[in-house]
Number of protein chains: 2
Amino acid sequence: MASQMTEMLKGTLEGIVLAILEARPAYGYEITAQLRDEGFADLAEGTVYALLVRIEQRGFVDVTKVPSEKGPPRKVYTLNAAGRAQLDEFWATWAFLAGRIEHLRAARTDSTTSTTGTDSGSTHRTTDSTEGDD
Amino acid sequence: MASQMTEMLKGTLEGIVLAILEARPAYGYEITAQLRDEGFADLAEGTVYALLVRIEQRGFVDVTKVPSEKGPPRKVYTLNAAGRAQLDEFWATWAFLAGRIEHLRAARTDSTTSTTGTDSGSTHRTTDSTEGDD
DNA sequence: ACCGGTACCTAGCGTTACGTTGTACCGGTA
DNA sequence: TACCGGTACAACGTAACGCTAGGTACCGGT
């Protein structure tokens, strides 16, 4: 169905995972569990693994195989220098986008207060008086 | 290019346009110009038109054709009740996601300062007990 | 012997933004 | 007149991303 969340996660999920890895190295299953725990309940396991493969191939993380007594060995991902640079870029992009969107929300709150037709100056004023409804 | 921005806009651009339309009805070319003016300089014209077609087909907007003395008639989009509901959903999703991400940023700033355990954080405890090598 | 939890991986699908191209109308310039 | 650029819309294929839906492998408890 492509819920709002699904589409909004595109582009941000990578940054979220990088941020998690910045705090401390982790493996896929752990990251998935943590995200689910933090509210992303519907997040699919496969999504995280695919993302990890991507950021590994782009060289944002270093990988270490650690044997576990339960199941197959864990692939522990550690953020490296390139990853930190990417994370910085993510924060910059996020800051810009969040700023624009918060600006929109602020403008909306502003417009709800006034009942008086205060507007006369729109930036674009092509002023079509041609009311010819076809 | 698929810069950070491109992927991050997926899912958010629709909400942005709906928010713009909430302020006042507008037509495609105008919306594109406004977005470019507000910092989204690289935004493609075709992107906005495709998005408008989408939200029209989903019934979030009402459309009125208004002839202009320059070029073809404008398709003026007006947010309707369904659109406002969708916009509300957008704000809710955005608030949640922004909250999570800001939380990540805060945690990151926090961890750089000291080693004092701010909280147990993860309710999850999958943490490595693998100390005792297999 | 079976089920469930741990831990990993893959293939195909739907949605989205981008790049490009085309149409149509108008005013200004050569 | 003929051309160019700005206004305004639309359609096509492509790339990227997250989701669905599977699969493999190991282990302990019922």
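Below, each value reflects all heavy atoms present in this structure, side chains not excepted, and no hydrogens, waters or symmetry copies. Residue numbers begin at 1 in each chain, while the letters A, B, ... track the order of the sequences.
- In this entry the distance linking OH of B/Y49 with P of D/dC12 reads 17 Å, nearest Å.
- Donor-acceptor pairing under 3.5 Å, judged by distance alone, is absent between the side chain of A/K10 and the base of D/dA16.
- Atom pair A/F40:CZ and D/dG18:C1' shows a separation of 13 Å (rounding to whole Å applied).
- When heavy atoms are screened at a 4.0 angstrom cut-off, B/G46 is found touching base atoms of the nucleic acid.
- Rounded to an integer number of Å, the gap from CD of B/Q34 to C1' of D/dA8 is 16 Å.
- For A/R54, counting side-chain heavy atoms from C-beta on, the closest listed nucleotide (D/dC17, C/dG19, C/dA17) is D/dC17.
- Side-chain contact check for B/W94 and A/E102: at least one donor-acceptor pair (N or O, by modelled atom type) lies under 3.5 Å.
- Taking for each of A/P73 and B/T12 the nucleotide of DNA chain C with the nearest heavy atom, the 5'-most of the two is the partner of A/P73.
- Across the strands present, D/dG29 finds its partner in C/dC2; the criterion is a Watson-Crick or G-U wobble pair with both atom distances under 3.5 angstrom.
- Atom NZ of B/K75 is separated from atom C1' of C/dT23 by 15 Å (rounded to the nearest Å).
- A/T47 comes within 4.0 angstrom of a base, heavy atoms only.
- The separation between B/L51 atom CG and D/dA11 atom P is 15 Å, rounded to whole Å.
- Under the Watson-Crick or G-U wobble criterion, with both distances below 3.5 Å, C/dG22 is paired with D/dC9.
- For the side chain to side chain contact (heavy atoms under 4.5 Å, CB included) with A/V61, the lone residue among A/L52, A/V17, A/L79 that qualifies is A/L79.
- For A/E14, counting side-chain heavy atoms from C-beta on, the closest listed nucleotide (D/dC17, C/dC8, C/dT16) is D/dC17.
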| request: Report the C-alpha separation of A/E45 and A/R36 in whole Å, then their side-chain angles, then the decisive distance to 0.1 Å, and conclude whether the salt bridge (charged side-chain N to carboxylate O under 4.0 Å, His left out) test is met. | output: CA-CA 10 Å; A/E45 213 182 323; A/R36 288 235 180 93; 5.3 Å; no

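- Nearest to the side-chain atoms of A/S68 among the listed nucleotides C/dT15, C/dA7, D/dC19 stands C/dA7.
- Regarding A/Y77, its OH atom lies at a distance of 14 Å from the P atom of C/dA7, rounded to whole Å.
- For B/E14 and B/R58, the salt-bridge test passes: some basic side-chain N is under 4.0 Å from an acidic carboxylate O.
- Among the nucleotides C/dC18, D/dC9, D/dA16, the one closest to any side-chain atom of B/L43 is C/dC18.
- Position along DNA chain D of the nearest nucleotide to A/P72 versus A/E45 favours A/E45 as the more 5'-ward residue.
- Side chain of A/A44, nearest nucleotide from D/dC19, D/dC9, C/dT15: D/dC19.
- Distance, B/R74 CZ to C/dC25 C1': 12 Å, rounded to whole Å.
- Contact annotation: B/Y29 does not reach the phosphate of D/dC9 (side-chain N/O to OP1 or OP2, under 4.0 Å).
- Between the CZ atom of B/R36 and the C1' atom of D/dT7 there is a distance of 13 Å, rounded to whole Å.
- For the atom pair B/R105 CZ and A/W91 CH2, the distance stands at 5.5 Å (nearest 0.5 Å).
- The neighbour count for A/N80 CG, taken as heavy atoms of other residues, nucleotides or ligands under 6.0 Å away, is above 12.
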